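Owing to the predicted nature of the structure, the values given are computational and were not obtained by experimental measurement.
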Amino acid sequence: MENKTLSAMSLPVSNILQQRKQRIGVVESTTGGLIGASLLSVPGASSFFISSCVVYSGRGYKQHLAPELLEKSGIWDRKNNYANKKNYIESKKLFVREVAIEMRKKLKADWFVCESGTVGPEFYIPGVERAFTAVSVVGPSRLPGGEPSQWVQVFEGNSTQREENMWFFTQSAISMLEECMKNYESSSSKL
């Protein structure tokens with residue numbers, strides 16, 4: 001994946017949001033605010049960008065996310081989540097999905113992105129040897145009154161350099177968002 005500027009990364013997504021008059025919010029972790037910064041770097045962001053926050057530690061989770069949401073997301077089950085790579089990745093996938101669903105409702109956003117993982121270069125979960133992040137994108141329902149559209153994907157970093165992984169995860173999340181928005185549009189037009 002080639003390195004792009006923040007605004008170049010988000011320009012296609014921002015164009016879609018502006019054309020559709022839709023709004024978006026973000027909760028991120030290992031990308032450290034780069035997803036939100038990328039969206040905000042595009043002129044006219046105030047027409048589509050609601051809010052973003054970085055939750056990186058237990059204290060940050062408690063500060064920004066409701067206790068009921070944290071409980072539902074399973075984030076506090078450290079014994080199970082930290083037992084091995086599989087459990088850790090599954091816990092992150094559950095966390096990002098639940099947060100994206102709930103925060104989309106709370107902010108009354110059309111789209112919501114949540115990202116969380118481990119960025120490296122050191123890892124403390126048995127079996128985790130590379131940086132990874134789980135990304136959830138939640139968008140409008142395809143049917144009136146239906147459940148929101150949901151996607152979850154895991155991306156693995158290829159670098160031992162923390163910052164390189166952060167940029168890669170940011171680009172991956174934004175590319176995933178763009179793909180989800182385009183897939184949503186094409187599948188909705190067939191209904």
Side-chain angles (χ1 to χ4, degrees), residues 1-17 22-42 45 48-56 60 73 75 81 85-86 88-101 103-104 109-123 125 127-140 148-187:
M1 191 176 287
E2 75 176 75
N3 287 336
K4 295 181 178 179
T5 64
L6 287 172
S7 58
M9 232 185 288
S10 286
L11 191 58
V13 166
S14 66
N15 286 339
I16 293 169
L17 289 165
Q22 293 180 326
R23 302 187 37 92
I24 190 167
V26 180
V27 169
E28 52 191 309
S29 178
T30 58
T31 53
L34 290 171
I35 297 170
S38 180
L39 291 163
L40 282 171
S41 71
V42 177
F48 62 83
F49 190 82
I50 299 171
S51 178
S52 70
C53 72
V54 176
V55 292
Y56 195 74
S73 76
I75 199 72
N81 297 348
K85 179 181 178 178
K86 179 179 182 268
Y88 192 61
I89 290 173
E90 289 304 314
S91 75
K92 291 298 184 179
K93 288 167 58 177
L94 174 64
F95 174 76
V96 297
R97 186 182 74 240
E98 293 299 328
V99 170
I101 290 168
M103 293 302 292
R104 178 180 170 270
D110 299 288
W111 293 90
F112 206 91
V113 177
C114 184
E115 170 278 326
S116 185
T118 184
V119 75
E122 297 170 3
F123 307 102
I125 308 298
V128 175
E129 298 170 357
R130 297 171 58 169
F132 81 89
T133 196
V135 177
S136 177
V137 174
V138 177
S149 302
Q150 302 172 34
W151 299 267
V152 177
Q153 190 169 343
V154 174
F155 299 96
E156 286 195 349
N158 291 320
S159 177
T160 58
Q161 300 299 311
R162 191 174 182 85
E163 187 175 342
E164 287 179 23
N165 287 326
M166 292 170 72
W167 278 102
F168 173 72
F169 294 155
T170 300
Q171 287 181 300
S172 298
I174 292 170
S175 293
M176 178 183 169
L177 172 61
E178 181 182 1
E179 184 179 321
C180 293
M181 294 173 95
K182 287 178 177 177
N183 286 342
Y184 168 81
E185 182 178 46
S186 66
S187 66

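- Using a 4.5 Å heavy-atom threshold, the side chains of M103 and C114 count as separate.
- E115 places no side-chain N or O within donor-acceptor distance of the main-chain N or O of V135, the cut-off being under 3.5 Å.
- Atom CD1 of residue I125 and atom OG of residue S91 lie 8.0 Å apart, to the nearest 0.5 angstrom.
- The minimum heavy-atom distance between S52 and G36, with the atom names listed, is OG-CA, 4.1 Å.
- Remark: the backbone N or O of R97 is not paired with any side-chain donor or acceptor of Q150 at under 3.5 angstrom.
- Within the 4.5 Å cutoff, the side chain of P140 has heavy atoms near those of the R104 side chain.
- For Y56 against V119, the heavy-atom pair with the smallest separation is OH-CG1, 4.3 Å.
- The closest donor-acceptor contact from the side chain of E28 to the backbone of G33 lies under 3.5 Å.
- Rounding to the nearest 0.5 Å places CE of M9 at 4.5 Å from CD of Q171.
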Candidate pair K182 and E179, rule salt bridge (Lys or Arg N to Asp or Glu O under 4.0 Å), full reasoning: CA-CA 5 Å; K182 287 178 177 177; E179 184 179 321; over 6 Å; no
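- A distance of 11.0 Å separates CG in L40 from OG in S14, rounded to the nearest 0.5 Å.
- I24 places a side-chain heavy atom less than 4.5 Å from the side chain of L177.
- R162 is linked by a salt bridge (charged side-chain N to carboxylate O under 4.0 Å, His left out) to nothing, counting only residues two or more places apart in sequence or in another chain.
- Heavy atoms only, all atoms of each residue included: W111 and Q22 are closest at NE1-OE1, 2.8 Å.
- The backbone N or O of L34 sits nowhere less than 3.5 Å from a side-chain atom of T31 that would complete a donor-acceptor pair.
- A donor-acceptor contact shorter than 3.5 Å links the side chain of T133 to the backbone of S116.
- Taking the side chain as every heavy atom from C-beta outward, N158 and R130 approach each other to under 4.5 Å.
- Residues P121 and Q161 form no side-chain contact, since every pair of their non-hydrogen atoms from C-beta on lies 4.5 Å or further apart.
- Across every non-hydrogen atom of V13 and M181, the tightest pair is CG1-SD, 3.8 Å.
- No donor-acceptor distance shorter than 3.5 angstrom exists from the side chain of S7 to the backbone of V42, with no hydrogens or angles considered.
- No donor-acceptor pair under 3.5 Å is formed between the side chain of S38 and the backbone N or O of I35.
- Closest approach of L94 to S73, counting heavy atoms only: CD2-O, 3.2 Å.
- Here CG of L39 is found 11.5 Å from CD1 of I50. Values are rounded to the nearest 0.5 Å.
- Taking the side-chain contact (heavy atoms from CB on, under 4.5 Å) definition, one finds that A131 meets it with F123, N165, F169, sequence neighbours left out.
- Between V113 and W151, the closest side-chain pair of non-hydrogen atoms is not below 4.5 Å.
- Interatomic distance, S149 OG to D110 CG, rounded to the nearest 0.5 Å: 11.5 Å.
- Rounding to the nearest 0.5 angstrom, the gap separating the OG1 atom in T30 from the NZ atom in K92 is 8.5 Å.
- Ring orientation note: the planes of Y88 and F132 are nearly perpendicular, at an angle over 60° on the 30°/60° scale.
- Nearest heavy atom pair, residue G25 against residue A109, reads N-CB, 4.2 Å.
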